[in-house]
Amino acid sequence: MLTSDEIKEMLDALPLPMFAKDANHRWIYGNQAFTDLIGLDDIIGRDDTSVFDEEQVDIFWREDSLVFSGQASTSFEEIGEGTFALTRKFPVTLDDGKPGLIGLIVEAVASPEDLKKTRSEYRNAQEKNNLLIAQLQSEADGHAKHYEKRLRDLERERDTAQSLAQTDPLTQVGNRLGFQADLQSLSKRCDAISGSFTLAYIDLDNFKHINDTFGHRMGDRLLCQVAERLKSVDRIVSVSRLGGDEFAVLLECTERSTAHVEEQIQRIVDFTFQPVTEFKREVKTSGSLGFTRYPFDTKNLSELKHFADLALMKAKKAGKGQVREFETADHSADLRLRQLEAGLAAAIKQQEISAVYQPICEANEERIQGVEVLARWTHPELGSIAPDEFIFIARRLGLLLQLDQVVLRRACKELGGFIDSGAIEYFSVNASPSDVASLGYATNFLDTLRDFNIAPTSVVIEIIETAVMEKSQTARNNLAELSAAGIKIALDDFGSGYANYRTLLDLPINVLKVDRSLINTINYKPHLIDFLVSILHMAQALSASTVCEGIETEEEKVIAQTLGFDALQGFLISRPLDIDDLCNAIRRQAGDRASIESQRVNILPDTMVVAGRG
């Protein structure tokens, strides 16, 4: 964890422009080279909006957010008109425990080719224009009319170049540059008259499928048709294609009434996404739309675009052809997600993920055989986070493998004594398909066990999606290496969905863990008894043991015991326990067994006692 003084000392020692930011994108330091570059001395406490326009700030902050989540970043960033720099950003944890970043700038980097092409004509015309103005000032009055005509010609050339730079070549509506210019212009106009407008983002549904099915010519015609229809809608003052199949529209002076706006937006969707007929084919279309309103939701244009994007994501999650308005709760949820992303990345890096252990008991004796290791995370500000939520975030950020490694090391450290003493026979850990399909997974896993002197024969790895394993030779190789070392492979949630039985025969499966949904619904679906019996027969044929998950009632336990499951797991058996509670549970079990054995000896006939001793 770096203090502000340490950051300052580190940055001052380097000649390149460098800066540091906190999680709110505010500069907390910039060396002299950096302040010279941006032309601002008093940067502390300010952010990019003090220097750059809304579009560029939006780009900067999107890149910053990735770094706050723990990922280093290298990108071209615009630092002036047509001037780009190569910026390298590194994540750090500041002395208040919150995420920050350090940036290093390589100056005077040529602009990317695509921006060169779109802006070159505009820049050339502008240079000629500036030169001509200088010449006009030095020429005699008798030549003024001639130069005025030339100036008008150059201004027309400049306007043409600017229009080309802001136009999407396929649909002939605005591109991102054009959208940004229209957005800024409309916001200023509405501010002057105390007016309002609506920003809507539109995304076509199943556009890739249309391209794949009907060809890219049809896909291009569809985009052009959507653009033409949007342009023809009354009160839409700007249409832009942001890229791919996503459009932005601006509706001027819409009413404050939510119902009125929603009605207007729905009419746009109904008109725009009528079937398209091209090349003697009719293609049915639909699109998702998310919208936000200026100035009612925000007057910050970067925020306004972000709010529209959040509303669009909500619409797409709701299904095809849906319309959703931005709501304050969306922003709160987004802020919470970003906070969780940054916090989870830091927690994994600092190994602050804890583990709990759910006992797996022998079916008839109800003795704890082993435990399943489960990850738990407590955010310093938001408290305990549900496993489904933070595991989803870890998967989205590409941190799932690191998360699983932290949990494995903690389990090895805390359970080693129980394994050595024979108090439990094994512990099982979950592995995602991406884990098992990664190069070196088996080697790293076995190395971790060696670090803690854990025998591979006392470890079970639980996998789920056999379909993924089937397609990955790397996954197969990793499982084969782990199995050869003595680790048992368990197929988790078996019976809940698709399973390729050919894969069951090909993979080294040692345990079938039957999904909780089968035992929990058995009262309503009696035919599941036959299905469970068939699973048990299959396990026997595979020489695999069986675990019945999700045991929550005495009736479910009796059914599982009667059917012949080898082991049971569920809340009735035991909820997940922290290491101290697990220790107490094992001690109680040992005491109960000793008491039972003592009672058995006391009630045996004397002759049997003697015979037993002999």
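Note that the structure is a prediction, hence the values are computed from the model and not measured.
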Checklist line | Under 3.5 Å: donor-acceptor pair, side chain of Gln589, backbone of Ile368 | finding: yes
I need the minimum non-hydrogen distance between [X] and [Y], along with the two atoms involved.
{"X": "Leu289", "Y": "Ala315", "answer": "O-CB, 3.5 Å"}
{"X": "Ile529", "Y": "Ile559", "answer": "CD1-CG2, 4.1 Å"}
{"X": "Glu389", "Y": "Leu340", "answer": "OE2-CD1, 3.3 Å"}

Margin query: With no hydrogens and no angle check, just 3.5 Å: does a side-chain donor-acceptor pair link Asp58 and Ser302?
Written below: no
Notebook entry, point to check: Is a side-chain donor-acceptor pair under 3.5 Å present for Glu462 with Ser428?
Noted result: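 A pair is found: one side chain offers a donor N or O, the other an acceptor, under 3.5 Å apart.
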Check: Relative to Phe571, does Arg575 satisfy both conditions: NZ or CZ under 6.0 angstrom from the six-membered ring centre, and within 45 degrees of the ring's axis?
Finding: yes
Checklist line | The single option from Asn477, Leu479, Ile461 passing side chain to side chain contact (heavy atoms under 4.5 Å, CB included) against Tyr441 | finding: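 For Tyr441, the side chain to side chain contact (heavy atoms under 4.5 Å, CB included) check succeeds only for Ile461.
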Note to self: Quick check on side chain to side chain contact (heavy atoms under 4.5 Å, CB included): which of Asn430, Val436, Asp435 does Ile463 satisfy it with?
What the structure shows: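 Looking at Asn430, Val436, Asp435, the match for Ile463 under the side chain to side chain contact (heavy atoms under 4.5 Å, CB included) is Val436.
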Rounded distance (nearest 0.5 Å) linking atom [atom1] of [X] with atom [atom2] of [Y]:
{"X": "Leu304", "Y": "His306", "atom1": "CG", "atom2": "NE2", "result": "11.5 Å"}
{"X": "Ile573", "Y": "Glu556", "atom1": "CD1", "atom2": "CD", "result": "10.0 Å"}
{"X": "Thr448", "Y": "Gln405", "atom1": "OG1", "atom2": "CD", "result": "6.5 Å"}

Next item on the list: Classify the angle between the aromatic ring planes of Trp377 and His379 as parallel (below 30°), tilted (30 to 60°) or perpendicular (above 60°).
Entry: perpendicular
Next item on the list: Go through Lys305 and Thr292 one step at a time and tell me if the side-chain contact (heavy atoms from CB on, under 4.5 Å) criterion holds.
Entry: CA-CA 8 Å; Lys305 291 185 289 185; Thr292 184; over 6 Å; no
Checklist line | Residue list, side chain to side chain contact (heavy atoms under 4.5 Å, CB included) with Asp203, at least two apart or on another chain | finding: Asp245, Glu246, Leu312, Lys316
Check: Who pairs with Glu63 by salt bridge (charged side-chain N to carboxylate O under 4.0 Å, His left out), at least two apart in sequence or on another chain?
Finding: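 So Glu63 forms no salt bridge (charged side-chain N to carboxylate O under 4.0 Å, His left out) with any residue.
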